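Shown next, in structure tokens, is the structure this report addresses.
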Amino acid sequence: MFNIEKKNITLGYMPLTDSAPFVIAYEMGFFEKWGLNVNLTKQNSWATLRDKLHTGVIDAAQMLAPMPIASNLGLHGQKSTVIAPMILSRNGNGITLSTKLYQKILSQHDTNKISMPFSANILSHEIDERKKEGKKLTFAVVFPYSCHHYQLIEWLKNSGISPSDINLLIVPPSDMVPSMHSGDLDGFCVGSPWNAKAVREGVGITGVTSSDLWQDTPEKVLGLMSDWQVKHPETTFALVSALYEACQWLESIPNRFEAARFLSHTKYLNTHIDVIAPSLMGSCLTLNNASPRKVKSYQQFATLGDPTFNRPAHHYGEKITKLMQAYGHINTQQMTDVDIASIYREDIYQAVIYKDK
């Protein structure tokens, strides 16, 4: 057990399936086991979550893997020394097209079915048609500096489609499906369960997952302010220990159904279990009332007995930084300036997880 400096802490999370490590650590008593009294607070957007972490309103947070790097560079907000001492999850995202757009694409290709996962070249005809009218398709991602953004852009570029050929909006995850219902979006890249919700409600079809694009790339990390960690080193160790135990617990398939049940509660995702459970069970809903695709690694939180899965290895941060440069979010000087070893803190993770090994 640790000599905890701050027993009562507040953690911020977004209403997504991969918030499961926070929810499970709370519901299964892992936080309490490691001496923490945790208040979980659901956030409305990634920008709000980031700002609350920066200003100390929350002590720690579930964060998108590129967010700590963006915070340290002062991108789209205050320059702040955020660290990531643990990977919480990998994969979990999907690209969903509106049913209306999909039906139009089927007509354009004179077919009643397109094999999945599909490439972005199915959009080419519609993009060309809209150009003639001075219009564009409108897609959304959840945050500028996110794997969702980079995955969507790479998916387009792999088919020779320029990001400038579409309108790209930033929309909070839980607002994606309402925005598709209203006709404001032709497509989006978002994490579970919002792709499945679009399919269940008949407003979208999910044709690509992040597992199809970037197998096992880190998606969410634990985010802390560096000075908070320095002030509360033992509390940080306890937090990592509890979340690691939750991630290990989540790798049992029977446990995952229980996780879906917890997540469905009003205070968490407030969404029906038949929307939350599929990705946890390795099932990607594609079209409403159609057989799902099997995507075994759709949602991953750990590898049983292998602590390397959750280790925030520097090479992951370096890969993300290269993507940020490739897609114009940072310049060469910023890439040179950023110190990944001071952000992706392998040393903290290893000090607690390997302490008895």
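Computed from a prediction, not measured in an experiment: that's the story for all the values here.
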Check ion pair Glu258-Arg261 (N to O, under 4.0 angstrom)
yes
Could you tell me if Thr235 and Glu5 have a donor-acceptor pair between their side chains, going purely by distance under 3.5 Å?
yes
Salt-bridged, Lys322 to Glu318, with N to O below 4.0 Å?
no
Between Asp216 and Gln300, a side-chain donor and acceptor under 3.5 Å
no
Taking the six-membered ring for Trp, are Tyr327 and Tyr150 closer than 6.0 Å centroid to centroid?
yes
Any side-chain donor near an acceptor of the partner, Arg90 and Tyr316, under 3.5 Å
yes
Hey, can you tell me if His232 and Trp228 have their rings parallel, tilted or perpendicular (30° and 60° cut-offs)?
tilted
Does atom NE2 of His76 have more than 12 heavy-atom neighbours from other groups under 6.0 Å away?
no
Using the benzene-type ring in the case of Trp, are the ring centres of Phe237 and Phe2 under 6.0 Å apart?
yes
Would you please say whether a donor-acceptor pair under 3.5 Å links the side chains of Thr332 and Gln325?
yes
OG (Ser159) and CD1 (Ile127) are apart, to the nearest 0.5 Å, by 9.0 Å
Per salt bridge (Lys or Arg N to Asp or Glu O under 4.0 Å), Asp186 is matched among Arg130, Lys104, Lys136 by Arg130
Any chance the side chains of Asn310 and Gln248 put a donor and an acceptor closer than 3.5 Å?
no
Do Gln43 and Thr48 meet the criterion of a side-chain donor-acceptor pair at a distance under 3.5 Å?
no
Among Val171, Thr99, Val203, whose side chain to side chain contact (heavy atoms under 4.5 Å, CB included) with Met180 holds?
Val203
Residues Glu27 and Lys267 bridged, charged N to O under 4.0 Å:
yes
